[in-house]
Amino acid sequence: MQINFIPLNYDYLDIDGKAVARIFGRSADGKRVCILDSCDSFFWVIPKQGLSEKEIEKLGEKIKNVKTESAGREVYIERVELHKKNFLGKQVKALKVVASNQKDIHVIAEIVREFSGVEMKREIDIPYATRYITEKNVLPLTWHSVTGEVLNNSSEFRGIDSILDVDLVIKAEKISAAEEREFNPKVMAFDIEADELEIGRGNILMISMACGKFHKVLTWKKFSGEDYVETCKSEADMLEKFCEYVKKEKPDILTGYFSDGFDLPYLRARAEKNKMKLELGLDSSQPIFARGRITSAKIAGIAHIDLFRFIETAYSQYLQSETLSLDEVASELIGERKHEFKSHSKSEVKAHEWKDYFAYNLQDSVITEKLFHKLWPDLLEFTRVMQEPLFDVSRDGFAQHVENYIIHNLARFNEIAEHRPTHEQIQQRRARQKYEGAFVLQPKPSLYENLAVFDFTSLYPSLIVSFNLSLSTLLPKKEKDSFEIKDVEFEGKKQNYYFSKKPDFIPVLIGEIIKKRKECKKQYKDNPTPLLKARSNAFKILANAAYGYLGFFGARYYCVEAAASTAALGRKFIHEMIDKTNNAGLSVIYADTDGFAFLLNGKKEQEVLEFLKKLNSELPGMMELELEDFYKRGIFVTKRTGEFGAKKKYALLNKKNQMKIRGFETVRRDWCELAREVQNNVLDKILNEGNADSSLNYARGIINSLKKRQVEREKLMIRTQLKRNIEDYITEGPHVTVAKKMIAKGMPVDAGMLIEFYISEGKKGDLIRERAKMPDEPGEYDTDYYIEHQIIPAVENIFAVFGIAKEDLTEKKQKKLHEF
DNA sequence: GGAGTTCGCATACC
DNA sequence: ACAGGTATGCGAACTCC
């Protein structure tokens with residue numbers, strides 16, 4: 001039989017001592033399919049340098065004869081092959097050791113390690129799914145043609161095909177790439193409501209599901225009146241029905257929002273309490289909770305995607321939302337909000353409130369499903385680019401993405417993968433001193449007119465490519481015809497580092513990533529599809545994270561020397577651009593890392609563009625400078641302490657009258673709304689009007705209305721994130737005190753929460769934290785605190801640019817303008 | 001016990 | 001612990017007299 005098939009989920013089973021890969025997915029005609037296949041389980045042994053071919057062959061023989069037992073299985077070596085491979089810039093002879101079983105690779109490697117003549121073992125830490133994908137080229141979310149035998153209760157696989165809830169189980173004979181076509185997965189979103197937030201402590205009151213037209217809320221509370229609500233006999237019955245509906249709807253993907261951390265653990269806990277099983281897997285298995293920094297819930301055959309995890313890592317940097325709550329994120333991305341539901345207590349929901357509660361619960365699933373479809377192009381393209389299973393890609397961080405991309409492309413370079421750092425290596429790396437990073441030019445505080453900003457496109461990645469910076473190209477000492485990176489500040493002294501000019505895999509791969517991104521952007525211009533945008537975005541993230549990866553303690557290809565050299569070259573190039581710009585009669589007023597702002601000094605925009613062309617013609621390799629924008633006005637202020645200009649704090653106004661505000665309190669979520677609003681309006685007026693006249697009156701008006709308590713309390717709430725557990729704080733700031741109060745009141749408080757509070761009046765000498773109150777706590781806000789600690793700090797430095805002092809803001813009598 | 005300084009912490013920029 | 005370093009500025013905690 002031959003079918004076209006798209007892989008979604010990968011796992012493997014141990015059948016009669018052999019690993020069998022299970023690839024779940026859809027066929028082109030919409031059937032749910034499981035492909036059974038296998039690939040070699042192996043690792044590499046790199047013999048000691050200087051061993052003759054004969055001695056290596058002898059070592060191979062010795063390895064071939066390894067036999068032992070593990071977990072009741074016979075462990076043996078299937079075969080040993082000698083290959084010519086590359087490893088970190090060197091050609092090596094390596095032994096490919098094919099093991100009887102994936103699970104025994106570690107056991108065998110431990111034995112082999114002791115053999116004389118063994119220099120190192122590698123790739124024992126490649127997961128089976130990764131190995132299968134690279135070996136067989138069966139790429140996730142990419143269409144394939146599969147030829148094989150349809151299994152029907154086959155004894156060969158101990159009948160596993162008969163227990164799988166799929167339309168077809170195929171034992172693969174041949175799998176090859178097929179023509180690309182559209183794929184729209186069937187997605188079910190779900191959400192639970194419980195009467196206690198602590199996992200497992202309370203009851204699950206209801207479970208909602210949304211899957212296309214299928215909308216359902218399950219509950220065991222007696223209720224009638226809404227078609228979509230189904231009343232179950234008990235909590236246990238509800239859990240069972242949930243599994244049944246998942247089975248009936250046959251989704252490819254089950255999605256939730258924070259479902260790794262809340263919904264699925266809660267479901268598991270309640271299932272345990274009710275002494276029943278949560279049989280969601282296509283083999284009727286329960287979700288498996290993989291322990292990592294954050295636990296991930298995996299369901300056999302169905303891709304469980306926690307959208308919160310994906311948004312947190314891959315998407316949050318592009319969002320305006322100040323929290324990553326479902327409500328805020330959905331509102332920004334799909335323009336829909338959650339329903340409101342506020343009950344005094346979830347354990348005492350009043351009779352007339354249930355209807356709203358069910359509607360609220362359903363809406364959460366409905367918007368989660370919509371959010372999923374909005375993010376699907378990114379999930380799809382990220383998966384295709386990184387080549388890891390969707391489940392993993394949706395949870396991986398930047399470093400993992402980079403590493404996955406590298407590992408899935410090593411075969412082209414005939415390269416053996418470096419191992420993950422050991423615990424000791426990680427500790428050492430973490431303990432190292434910081435190296436010197438980017439250059440930031442201190443601006444002179446002032447209001448400027450007619451500016452432009454130039455930026456390097458992908459500065460760091462293009463430096464890594466242009467100067468071949470990586471672990472495998474780093475030279476122990478100077479060689480002729482190598483790249484010399486001078487004066488790299490690291491460990492307290494200036495050092496020189498040398499990198500080979502022979503291109504090797506990491507810089508080559510990063511070069512490809514930059515090129516591919518450019519191609520995507522170009523294609524997108526002609527044909528703006530969400531998929532092209534998402535693909536371009538995947539390459540952008542890879543390029544941006546590549547530099548951070550070099551200096552990341554958990555990286556296989558960790559290389560501080562390369563990271564520090566990248567930053568040093570970045571400094572060199574931005575300095576060169578600044579000098580050339582100043583020498584051309586333009587005045588650079590500010591710079592940060594890879595871009596700088598300068599005054600036109602009467603020059604025409606056309607002249608500036610020509611100057612840009614000239615700069616570009618003088619840049620080496622793939623380095624490129626571009627115009628970010630022209631600006632009518634820009635303001636730079638002093639630091640709160642001292643006379644010097646503050647870095648990373650400025651506001652610009654372009655020709656379309658759009659403001660670009662960086663670093664100011666306006667863009668910081670830990671300042672109250674009033675302070676942010678006032679500062680934003682002051683900046684707006686100043687940039688548009690070119691002077692501070694009207695904004696001064698405006699600011700004074702606000703201070704006066706605050707004095708008269710005409711400002712509603714809501715605008716004075718300060719929000720600060722609780723970044724850790726209460727007991728881990730050394731010093732107790734106001735938000736920690738408020739969090740303690742909340743705990744005392746029995747409110748749910750977790751690390752990661754935004755704590756909201758206001759500052760109330762108090763006795764003289766009271767600490768601020770002693771006056772911090774929860775939003776609904778009775779009290780009067782302290783007008784002095786808000787004037788002196790919120791409003792004035794937000795605008796003082798801006799007015800200082802115009803010679804207006806703090807006293808001029810608070811004086812009761814307004815001065816006439818000419819007095820300034 | 002008050003003034004000045006350092007430190008811890010949150011958040012931003014690139 | 002889960003990409004890097006650079007930077008501001010608050011409020012608490014410390015130092016010093």
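Small disclaimer: the values here were computed from a predicted structure and weren't measured. Letters A, B, ... are given to chains in the order of the sequence lines, protein chains preceding strands, and every chain is numbered from 1.
Remark: A:Q400 is not in phosphate contact with C:dA3, judged by side-chain N or O atoms under 4.0 Å from OP1 or OP2. Look at A:R769 and you'll find a side-chain N or O under 4.0 angstrom from OP1 or OP2 of C:dA13. OP1 or OP2 of C:dC10 has at least one side-chain nitrogen or oxygen of A:R640 nearer than 4.0 Å. Applying the 4.0 Å criterion to OP1 and OP2 of B:dC13, one finds that A:K648 has every side-chain N and O outside that range. For C:dG11, the OP1/OP2 oxygens have a side-chain nitrogen or oxygen of A:Y785 closer than 4.0 Å. Residue A:H789 places none of its side-chain N or O atoms closer than 4.0 Å to OP1 or OP2 of C:dC10. In this structure, A:K649 reaches the C:dG9 phosphate: one of its side-chain N or O atoms is under 4.0 Å from OP1 or OP2. Distances shorter than 4.0 Å separate some side-chain N or O of A:Y729 from OP1 or OP2 on B:dA10. Between A:Y650 and the phosphate of B:dC14, there is a side-chain N or O to OP1/OP2 separation shorter than 4.0 Å.
Across all strands shown, A:A399 has heavy atoms under 4.0 Å from sugar-phosphate atoms exclusively, and none from any base. At a threshold of 4.0 angstrom between heavy atoms, the contacts of A:E436 are confined to the sugar-phosphate backbone, with no base atom among them. The residue A:K434 sits close to a base: some heavy atom pair falls under 4.0 Å. Within the 4.0 angstrom heavy-atom criterion, only backbone atoms of the sugar-phosphate kind lie near A:L767; the bases stay farther away. Counting any heavy atom pair closer than 4.0 Å across all strands shown, A:H401 reaches no nucleic acid atom. At the heavy-atom level, A:A545 lies nowhere under 4.0 Å from the strands shown. Within 4.0 Å of A:G554, counting heavy atoms only, lies no atom of the nucleic acid at all. Nucleic acid contact for A:F596: none, since no nucleic acid atom lies under 4.0 Å from a heavy atom of the residue. Using a 4.0 Å heavy-atom cutoff across all strands shown, A:R571 reaches no nucleic acid atom at all.
Rounded to whole Å, the P atom of C:dA1 lies 16 Å from the corresponding atom of B:dA10. Nucleotides B:dC9 and C:dC2 have their P atoms positioned 16 Å apart, rounded to a whole Å.
A:S472 and A:D504 are linked by a side-chain donor-acceptor pair at a separation below 3.5 angstrom, with hydrogens and angles left out of the test.
The ring pair (Phe, Tyr, Trp, His ring centres under 6.0 Å) with A:F483 is formed by just one residue from the set A:F467, A:F499, A:Y497; it is A:F467.
Taking the charged nitrogens against the carboxylate oxygens, A:R535 and A:E381 do have a contact shorter than 4.0 Å, which makes a salt bridge.
Residue side chain A:R668 reaches the base of B:dT11 through a donor-acceptor N/O pair under 3.5 Å, judged by distance alone.
At whole-Å resolution of the value, CD1 in A:I730 and P in C:dA13 are 11 Å apart.
Note: A:F310 and A:Y315 have tilted aromatic rings, judged against thresholds of 30 and 60 degrees for the angle between ring planes.
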